[in-house]
Amino acid sequence: MKFDVSKFKRILMKISAVIEHLEAIASPAFQETYDNAGLLTGDAQWECTGIITTLDSTEEVISEAVSNNCNLVIAHHPIIFKGLKKINGKNYIERTIIGAIKNNIAVYAIHTNLDNVIKGVNGKIAELLQLQNLTILKPREQLLKKLVTFVPLEQAEKLRTALFAAGAGTLGKYSECSFNVEGTGTFKAEEGADPFAGEVGKRHEEKEMKIEVIFPGFLQDKLVREMIKAHPYEEAAYDIFSLANYLTDTGSGVIGELPEPADEISFLQKVKDTFSLKVIRHTSLSGAMVTRVAVCGGAGSFLISAALSRHADVFITADLKYHEFFDAGKNLLLVDIGHYESEQFTIDLLHDNLKEKYPNFAVLKTKIKTNPVHYFI
Ligand SMILES: [Zn+2]
């Protein structure tokens, strides 16, 4: 009997493919040590029936996923954050988990790893405020490494290509960065060896290329594997160094400039309109013009000192405590717009990215406003 493939219009895709795509944007290696991003319930090998993006996975969001036949919830905040000792439905966390497991819903959280990349949560806020010349407010240290390898001249191009394909040599807006210098390598193949060049028992001299590339440390295993695969030598010669350089596009918060300087009142009004805010908490106005704006979605008080040292005029964040407003001093306008409000467009960020990647697949945004904070005005 002949199969009519046109009847099978539904695209088959595993949840693992979606996760792989998201993790190429925001590697789990970039999450903070206290975080719990990743697949929290379900199985990556399940076939994905549909995706729903949300800031929080609550019981209502799980029900929404069920009624829309989406078995993958992509949330910013991990519903499992601290250790759980019982799952008997006594609180909303346990009930959400029970709901997800009972209905075969996979819940995946992309949290501080999405905070820590320039095109993540904070990049989205910056885009809405039209900030230009965007950089990370506090870049992460010690994430970069360097690989140096030595290869016969003829094979240098093949090896470089393999290293670039594995993710090495990317610096800000530049890719395929490497440094190359020619030299002479020596080796003597011992009994039992099968040398690429030279003879067993005799010292051999080979014209080699020394290739240097930088890479984010979390790629090390993959990079070494791909290098060894592409390297002609039986024993590939290579060194790996840890660097003290910053990985420029990775870290906390962002800072950029407004297209035109604005006075404080019109800037705050723009923030209020953009984020549909009922209220803004802020430090006293100084009368200065606003140009440099630092941003950190969610709880960002740990970045007040970074905003000061980067000479920001304004720092927009959330969850500030009373005493933290004093830390801003007189030259920084510290602005608290609310946690949910500051991160609400992360739902669109995730949705739009997934929709672009999978245009013919069911990718939905939650219709539920999960903000637990209300304002009586
Ligand atoms: Zn948050």
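Atoms within each ligand, like the ligands themselves, are counted from 1 in listed order. Values below: every heavy atom of this structure, side chains too, minus hydrogens, waters and symmetry copies.
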Original post:
Short check: any N/O/S atom of His77 below 2.8 Å from the Zn ion (ligand 1)?
Top reply: yes
**OP:** Could you tell me which N, O or S atom of His339 is nearest to the Zn ion (ligand 1)?
**Re:** NE2
Subject >> Interatomic distance, Leu243 atom CG to Phe215 atom CZ [nearest 0.5 angstrom] >> reply: 8.5 Å
Subject >> Ring centre gap for Phe30 and Phe218 strictly below 6.0 Å >> reply: yes
Subject >> Minimum-distance atom from the Zn ion (ligand 1) among N, O or S atoms of Glu343 >> reply: OE1
Original post:
Have Asn116 and Glu32 got a donor and an acceptor in their side chains that come within less than 3.5 Å?
Top reply: yes
Original post:
Are any non-hydrogen side-chain atoms of Tyr340 and Thr370 less than 4.5 angstrom apart?
Top reply: yes
